[in-house]
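Everything below concerns the one structure shown next.
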Amino acid sequence: MVAAARLATDWLGLAAAPVFAAMALIAWAQGHGMPDMLCSSAHEGSPLTGMIPMYVLMSAFHSRPWLNLLAGR
């Protein structure tokens, strides 16, 4: 039972980064990179506002399982 739970958490960790990367691509395709009005209150806001940068950063922060897998751990 413990081995199955560990395997499930490993696969879940590997799924996070590609899912967030796909969500960034979908957000870009739907909005062409324009920040959502709910996400930025300024019209001339930072380029780091909006859904696309958020998904890219989340993908980068969740890439550790992939780096461990590529390193052979």
Side-chain angles (χ1 to χ4, degrees):
M1 185 71 166
V2 174
R6 183 176 293 253
L7 183 63
T9 57
D10 289 344
W11 280 105
L12 186 61
L14 287 172
V19 167
F20 287 130
M23 290 169 70
L25 288 173
I26 291 169
W28 176 82
Q30 288 179 347
H32 301 291
M34 299 297 292
D36 292 333
M37 293 307 289
L38 295 174
C39 294
S40 76
S41 59
H43 294 289
E44 300 293 326
S46 169
L48 295 177
T49 61
M51 299 304 285
I52 297 169
M54 180 191 71
Y55 288 138
V56 169
L57 285 172
M58 289 172 68
S59 180
F61 290 142
H62 288 87
S63 65
R64 183 177 179 180
W66 282 101
L67 296 174
N68 288 340
L69 184 68
L70 292 174
R73 293 185 190 173

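These values consider heavy atoms only, across backbone and side chains, with no hydrogens, waters or symmetry-generated copies. This chain uses plain numbering: 1 for the first residue, then up along the sequence.
- Residues L69 and L7 share a hydrophobic cluster, clusters being chains of Ile/Leu/Val/Met/Phe/Trp/Tyr side chains in contact below 4.5 Å.
- In this structure, the side-chain contact (heavy atoms from CB on, under 4.5 Å) partners of S59, at least two apart in sequence or on a different chain, are A17, F20, A21.
- Cluster annotation: L25 is not connected to M58 through the hydrophobic network of ILVMFWY side chains, with a link wherever side-chain heavy atoms come within less than 4.5 Å.
- Under the side-chain contact (heavy atoms from CB on, under 4.5 Å) criterion, I26 pairs with Q30, sequence neighbours left out.
- Shortest non-hydrogen contact noted between W66 and L14 is NE1-O, 2.8 Å.
- Shown here are the side-chain contact (heavy atoms from CB on, under 4.5 Å) partners of A24, two or more places apart in sequence or in another chain: Y55, V56.
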